[in-house]
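This report refers to the structure that appears directly beneath it.
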There are 2 protein chains.
Amino acid sequence: MRPTVHDIAASAGVSLATVDRVLNARPGVRAVTRAKVEAAIERLGYVRDVAAANLAKGRIYPLVFIIPQGENPFMRGLEAEVRQVDRVTFDRTSISVVNVPPFDAMALAAAIDTAVEDGAAGIAAVAVDAPEVVEAIDRALEQGVAFVTLVSDLASSKRDHFCGVDNVAAGRTAGSLMARFLGDREGPVAVLAGSMLVRDHSERLSGFRAVMADAGRGRHVLDVLEGQDDPVRARALVSRYLAKFPGLAGIYSLGAGNAGLVAALEAAGRPGLCVIAHELTPPTRAGLESGIVDAVLHQDAGHEVRSAIRVLRAKADGVKPVAAQERIRIDIFIRENLPPPDPETGTARAGEG
Amino acid sequence: MRPTVHDIAASAGVSLATVDRVLNARPGVRAVTRAKVEAAIERLGYVRDVAAANLAKGRIYPLVFIIPQGENPFMRGLEAEVRQVDRVTFDRTSISVVNVPPFDAMALAAAIDTAVEDGAAGIAAVAVDAPEVVEAIDRALEQGVAFVTLVSDLASSKRDHFCGVDNVAAGRTAGSLMARFLGDREGPVAVLAGSMLVRDHSERLSGFRAVMADAGRGRHVLDVLEGQDDPVRARALVSRYLAKFPGLAGIYSLGAGNAGLVAALEAAGRPGLCVIAHELTPPTRAGLESGIVDAVLHQDAGHEVRSAIRVLRAKADGVKPVAAQERIRIDIFIRENLPPPDPETGTARAGEG
DNA sequence: CATTTTTTGATTTACGTACATCAAAAAAGC
DNA sequence: GCTTTTTTGATGTACGTAAATCAAAAAATG
């Protein structure tokens, strides 16, 4: 049986109250007595029962997730993951979701301020790269509210942590796969992005470009198509490029709007291009299954959400999280290792946990 | 604030005792009263505070993990993950590890019987495919002990669950990557396995063969090399094949002993083969980094361990686990998306849950 | 040595649930 | 209506920790 506070009190020859004072860093304990207690803790291998401690404290952590509105399937999956975690009821944590217009710095900054006013203990937000947002984040931190960026970072703010993938590495991974899949095949490659004003997209592009310039004898990367993560625009842009560059060898889609990409390729009679996209969502999953998409790079929204919660709670408790354990992996999916879709959230899931 | 049992008692107009009887399915409650309580539970959205419940029950779950001995790096990483979970102290769970000689059915069966005698609430074991083991598992289940197979399944037993990847799909994934990486390149491919007597290895082979026979115009798969997961043997076997088949296009290593594979390739002057291996361990990581290995298929040992714990605890509680959430993903790693090694366990880790 | 200050002990209540006991009330059977 | 059975209420203890109070003991100060 695990030792309890009573056991260490008895073993150290002190009272329960003294043990409590040591454990919770309360004043009024002589150094020698403190040492005795700490020795007993060490000797018996005592570890605090966090469940019982939280129960006794009656502490709850109000956390706020700020997520863009709109039909971006990845964001919708992210929100579903948040709500699912909330339903499972992470112990002693109450989570609320706030939606804001995408790419809207003012709205995001306002939402952050509101969350702080409402007494949030921690905030997680998909960052937009703008000075108003940086200021809002730094205001939150000054109020003692923990803050993490989610999916897209804002390194110029003082945010406590970034819960997302290394997007430069993701771009390199895409480039490497593209180069290997194409092999000796000739022809330029196209890049479809949402907007170069978003940090994660620009980072992916730079990683991709670096590998493409490097791999073998170099391969031409055409001017970036910016589809604003909108399927209709994406479809039009891709269709135009397919007509304009008959020798096109591959397409790297590093943002959303992939339903449009797939539609354009279908309409063009499935030209044998190497297609690599991001995020395993219904459109990209369908593309992989039909063979029109070769590989999908993915970040696990569930992992990101749970990592954010752990970090925020740790910060709210004044504990340092183990940063090394909070790194988010870049998943590669091809047709053969597709996980079954999660009926709850529509996102890809692993055993996790 | 979350509603408590007191709230539903008040809301339903009954006593605390009656609510308790309903919640814990104790007898002596009229159907109408039960309905009133259940309505209140629904209305207030009550969810049991599991932490408090477990505290009150004073229940602990003694779980036993049976893992092969030896220098197989994946198994050592698996064991490290188990010990790490134990240190983090999964709430109200005490975990012990038992080592048995690898591929030894009698020893495994004996270890299972011992664990049952010692009063384990659940057992997780890396299965060896043998009738003695099937019988031991079924004996454990008859005693009411929960049982899951880990990494390698034994479907002919009545085990509650298998915590591992779909190895046929893993083989198909390897085959698909191999075919795409090779492209038009000619030549047969070799397969290095541990032993065809182990279920996971034979399943991977069948998936790989299926894709190879299928992809494009078919590619010859040479006779399987069985290296018994031993680096020395593996090195010798691979070296011999490299000499014997100068036109070799690729090698699929579906077992362990990859240190030997890498050494053989280095010794042969790094012939430009497509090499795909399993499990991200120190040797395969080094191979990826040096460029001698093209891709590594991986199963996350941490996920498997935590999944096993969740399933075992659920079974011990008489609750059905959500099987869909317990699927283990087949990870693909190439040089560009290599995660940093976990200093604690030496295995790959993601943010996880 | 008396006094003040600091340290320690003893005890209590609380968190939300489980579980047991005994009495009281309601329903069923005759 | 009376007894018997079933259902419900009231109450207490427990789990392991947090946090508070007040008294007692020890140490420091003069």
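Naming convention: chains lettered A, B, ... in sequence-line order (proteins, then strands); numbering from 1 in each chain.
The side chain of B:R26 contributes an N or O atom lying less than 4.0 Å from OP1 or OP2 of C:dC19.
As a whole-Å value, the separation of A:L16 CG from D:dA18 C1' is 10 Å. Nucleotide D:dC15 holds its P atom 18 Å from the CG atom of B:D49, rounded to whole Å. Between the P atom of C:dT17 and the CG atom of A:N54 lies a distance of 15 Å, rounded to the nearest Å. Spacing between atom CZ of A:R21 and atom P of C:dG9 amounts to 8 Å, rounded to whole angstrom units. When the C1' atom of C:dG16 is taken as reference, atom CZ of B:R2 falls 9 Å away, rounded to whole Å.
A donor-acceptor contact shorter than 3.5 Å links the side chain of A:R48 to the backbone of A:L23. Side-chain N or O atoms of A:H303 include none that pairs as donor or acceptor with a backbone N or O of A:I328 at under 3.5 Å. In this structure, the side chain of B:R21 does not engage the main chain of B:P27 through any donor-acceptor pair within 3.5 Å. In this structure a side-chain-to-backbone donor-acceptor pair under 3.5 Å is present from A:T114 to A:A110.
Residues from residues 3-12 of chain B placing a heavy atom under 4.0 Å of any atom in DNA chain C, listed by number, are B:T4, B:V5, B:H6.
Between B:R34 and B:T18 the shortest side-chain heavy-atom distance does not fall below 4.5 Å.
Between A:E81 and the options A:E304, A:R76, A:R306, a side-chain contact (heavy atoms from CB on, under 4.5 Å) holds for only A:R306.
Closest to the side chain of A:K57, from the set C:dT17, D:dA10, D:dA18, is D:dA18. Here the nucleotide nearest the side chain of B:L55, chosen from C:dA10, C:dG16, D:dT17, is C:dG16. Side chain of B:R48, nearest nucleotide from C:dG9, C:dA18, D:dG16: C:dA18.
B:Y61 carries B:R313 over the face of its six-membered ring, with the cationic atom under 6.0 Å from the centre and within 45° of the normal.
Remark on DNA chain D: of its neighbouring residues B:G28 and A:D20, the 5'-side contact belongs to B:G28, judged by nearest-heavy-atom nucleotide. Mapping B:R30 and B:A56 onto DNA chain D by nearest heavy atom places B:R30 at the nucleotide closer to the 5' end.
B:A53 comes within 4.0 angstrom of the backbone, heavy atoms only, and of no base.
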